[in-house]
Amino acid sequence: MRKLCPNFDKENGLDIVLEVPIPEEMFTSMGSNGASRWANMRAMMCAQSADKSSHLQAKSNNEFIALLKLVGSPLIPLQVHPDQPVTRPFRDCSIEASTAQYIVQQYVAATGGSVTLNSVTSMYAVGQVKMAASDMHEDDDNVHAGGDSESGGFVIWQKNPDLWYFELVVAGYKVSAGSDGKVAWNQSSSQPSHANRGPPRPLRRFFQGLDPRCTANLFLEAVCTGEKNVNDEDCFELKVETDANILKTQSSPTTEILHHTTWGYFSQRTGLLVKFEDTKLVKMKPIKGNNSVLWKTSMESVIEDYRYIEGINIAHSGKTSTTLHRHGASLNHKRKIEETWRIEEVDFNICGLSMDCFLPPADLKRDQQEGGEQQR
């Protein structure tokens, strides 16, 4: 991963530190020499236009950015507080719920134990990704991600309880997302900042074997729905269904979230999470007329290569497949995006990580202030 770039603007200047480390292959593909590569990447990341783009089979830069946000920085619908204990006493509940709690306890033990996990107050991770995608196809077609793959890198910062910040750079384009404990938001180099409706929620990427505390707290509310074989591993299947009232707070007058379901597949042999899956169904309502469109997003993450970092068992690689279905208005299509990811660095209990590291973008803050003044 490249972290520094020579200072081509000043001959004797210090090397430029990249905000997001990127794979060396991504940097070398952006020009014939160092100066042109740096100039091309800087120009692309500051681009404001929606020119034609072939990245991930997208027809424009705006569509490409939308796909990056869809795959790179989706949120989990439920609030999960990493500062809460990762184990709880068994309560009076159904056999499915108590079984799920027992499975989660085995997962906690397999990832380092409750004492070690509860000692974590913050974390940092750097990784690289490779993405490929298909065009939009007829719904009855078999869709496979193809074409040229795109490389990139990402960085994540997190601090208890609801503070996190994420940056992703792919093919020279950057998207970022975060939460300051009050609002979760996302933005890109070519689109304005956008605040997510409802209370702040965690990044889905935390549940891909990167943050055992978040994963344990999420599935403490699950039920065990059976067993399934995943990559030759016999697994317990845990399911979390999001309450309709929670989804209502995340919906808008033109966008209604009908359901959002999450599954975790935990190895019976090791106790570790080997697959994380969620499905979201959204109804898009037109401003005029009754021709609503349904969008179904299904994401499956296969999680591999667990290694101990400071006593915590963290997954260091995996693959996420996202299938996007569109139904309605006489057009039924679907598209598939695949992301292969690898963690390069992980560290815990970061010194000097203050609230200033999680402030929302300035334009988002102004929008909130203006909205509050209008309401008053």
Side-chain angles (χ1 to χ4, degrees), residues 1-4 17-24 26 71-76 80-84 86 107-130 151-170 175-179 202-219 264 266-267 270-276 301-320 339-354 357-358:
M1 298 285 284
R2 172 177 284 270
K3 298 180 180 180
L4 300 175
V17 179
L18 299 179
E19 291 183 356
V20 182
I22 60 174
E24 192 68 34
M26 173 183 163
V71 178
S73 58
L75 305 181
I76 290 299
V80 178
H81 301 286
D83 59 337
Q84 293 181 349
V86 293
Y107 169 72
V108 169
T111 52
S114 59
V115 174
T116 302
L117 298 186
N118 286 329
S119 69
V120 174
T121 60
S122 61
M123 70 169 295
Y124 153 85
V126 171
Q128 60 176 291
V129 300
K130 185 168 286 188
S151 298
F154 65 86
V155 60
I156 298 175
W157 301 87
Q158 185 197 56
K159 187 175 182 178
N160 293 340
D162 289 317
L163 305 174
W164 56 268
Y165 180 67
F166 170 77
E167 286 186 302
L168 170 69
V169 173
V170 176
V175 297
S176 57
S179 168
L203 192 69
R204 186 188 187 277
R205 199 170 291 269
F206 292 142
F207 301 89
Q208 296 174 187
L210 187 59
D211 190 336
R213 299 170 307 154
C214 278
T215 303
N217 273 287
L218 174 66
F219 286 105
F266 296 82
S267 170
T270 65
L272 296 171
L273 179 70
V274 297
K275 184 178 179 182
F276 183 78
S301 297
V302 177
I303 302 162
E304 301 173 329
D305 193 15
Y306 277 88
R307 304 180 211 167
Y308 279 96
I309 304 293
E310 297 184 17
I312 300 176
N313 209 358
I314 297 297
H316 279 67
S317 67
K319 184 175 183 179
T320 298
E339 177 199 77
T340 302
W341 48 271
R342 185 170 76 243
I343 300 298
E344 300 290 339
E345 295 180 17
V346 181
D347 200 4
F348 301 103
N349 298 329
I350 312 301
C351 295
L353 196 59
S354 68
C357 301
F358 306 97

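What you see is a predicted model, and the numbers here were worked out from it, not measured in a lab.
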Restricting to side-chain contact (heavy atoms from CB on, under 4.5 Å), what partner residues turn up for [X], sequence neighbours left out?
X      : answer
Ser267 : Glu233, Arg269, Thr270, Val274
Val302 : Asn231, Glu304
Ile314 : Leu210, Pro212, Ile312, His316, Val346, Phe348

Roughly how far, to the nearest 0.5 Å, is [atom2] of [Y] from [atom1] of [X]?
X      : Y      : atom1 : atom2 : value
Met123 : Asp211 : CE    : CG    : 5.5 Å
Ser317 : Arg307 : OG    : CZ    : 7.5 Å
Cys357 : Lys159 : SG    : NZ    : 8.0 Å
Phe358 : Tyr165 : CZ    : OH    : 10.5 Å
Asn313 : Thr116 : CG    : OG1   : 11.5 Å
Ser179 : Leu163 : OG    : CG    : 6.5 Å

For [X], which residues count as a salt bridge (Lys or Arg N to Asp or Glu O under 4.0 Å) partner, sequence neighbours excluded?
X      : result
Glu345 : Lys3
Asp347 : none
Glu344 : Arg342

Over all atoms of both residues, closest heavy-atom pair of [X] and [Y]:
X      : Y      : value
Phe166 : Phe154 : CE1-CB, 3.7 Å
Ala315 : Ile343 : O-CG1, 3.8 Å
Ser122 : Leu353 : CB-CD2, 3.9 Å
Ala110 : Gly271 : CB-C, 4.2 Å
Trp341 : Lys319 : NE1-N, 3.6 Å

Query raised in the report: Mind checking whether Trp164 and Phe206 have parallel, tilted or perpendicular rings, split at 30° and 60°?
Result: perpendicular
Which residues pass the side-chain hydrogen bond (donor to acceptor under 3.5 Å, both in side chains) test with [X], not counting sequence neighbours?
X      : value
Ser151 : Glu25
Thr121 : Asn349
Tyr306 : none
Thr215 : none

Query - Option from Arg204, Arg205, Lys130 for which salt bridge (charged side-chain N to carboxylate O under 4.0 Å, His left out) with Glu339 holds - result: Arg205
Query raised in the report: With sequence neighbours excluded, what pairs up with Phe266 under the ring-ring contact (aromatic ring centres under 6.0 Å, His included) test?
Result: Tyr107, Phe219
Query raised in the report: Going by heavy atoms in the side chains, are Pro202 and Phe207 under 4.5 Å from each other?
Result: yes
